[in-house]
Amino acid sequence: MDALWDNIEKLSAVCRAADAHLPDEELKALQVGKVAEEADEAMHALHGLKGLTTCGDDHTWSEVQNDLVGAVIAALLAMHYIDPTGARATLDEIFHRRTRRGREAAAAA
């Protein structure tokens, strides 16, 4: 997980440098919006996979996964934009809290 966060920090530095002309609060908001955009692309790929688009796009599970990873990267970048020094600990805390039921169910099985 450290390598992932190291890459997020490097990418964040590059993105922040490119967008240095924007206020910090705007950068944060735009990055949160990017998460939604990437998730929407995953949904579009899923619709294409299931033949539910009107534009005739064909997609694969690999494309859905690619877009989901884009959403994860965007989300981690947004977390880093919001709190550069505490994002790792925040993710760990929230992940632990949100997966509690799964851990409890696995332990009971």
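Counting from 1, the numbers follow the sequence of the chain as shown.
Scanning all heavy atoms of the two residues, the minimum distance from Y81 to Q31 falls at CD2-CB, 3.9 Å. Smallest separation of non-hydrogen atoms from A39 and A71: N-CB, 4.0 Å. The two residues A78 and V35 have their closest heavy-atom pair at CB-CG2, 4.3 Å. Of all heavy-atom pairs between L91 and M79, the closest is N-CE, 3.7 Å.
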CA sep, side-chain torsions, deciding dist, call: V72, L68, side-chain contact (heavy atoms from CB on, under 4.5 Å):
CA-CA 6 Å; V72 169; L68 288 171; 5.7 Å; no

Trace of the side-chain contact (heavy atoms from CB on, under 4.5 Å) decision for D92 with F95:
CA-CA 5 Å; D92 288 345; F95 187 83; 5.8 Å; no

Evaluate side-chain contact (heavy atoms from CB on, under 4.5 Å) for M43 paired with D67, printing each intermediate quantity in order.
CA-CA 9 Å; M43 198 67 213; D67 292 331; over 6 Å; no

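Under the 30°/60° scheme for interplanar angles, the aromatic rings of W5 and H80 are found to be tilted.
Remark: K34 engages E37 in a salt bridge, criterion side-chain N to carboxylate O under 4.0 Å.
Rounding to the nearest 0.5 angstrom, the gap separating the CD1 atom in I82 from the CG atom in D24 is 10.0 Å. Taking CG from L77 and CD from E9, the interatomic distance works out to 10.5 Å, rounded to the nearest 0.5 Å. Taking NE2 of H21 as the start and CD of E26 as the end, the distance is 8.0 Å to the nearest 0.5 Å. To the nearest 0.5 Å, atom CG of residue N66 and atom OG1 of residue T60 are 9.0 Å apart. Here the CD-OG1 distance, from E104 to T99, works out to 10.0 Å after rounding to the nearest 0.5 Å.
The shortest side-chain heavy-atom distance between I73 and L11 falls under the 4.5 Å cut-off.
Checked by atom type and distance alone, the side chain of D19 never pairs as donor or acceptor with a backbone atom of L22 at under 3.5 Å. A distance-only check finds a donor-acceptor pair linking the side chain of R103 to the backbone of H96 [under 3.5 Å]. Within the 3.5 Å criterion, the main-chain N or O of A36 finds no donor-acceptor partner in the side chain of D40.
Heavy-atom neighbours of R101 CZ from other residues, nucleotides or ligands within 6.0 Å: at or below the threshold of 12.
Scored by the salt bridge (charged side-chain N to carboxylate O under 4.0 Å, His left out) test, D6 finds R88 as partners (sequence neighbours excluded).
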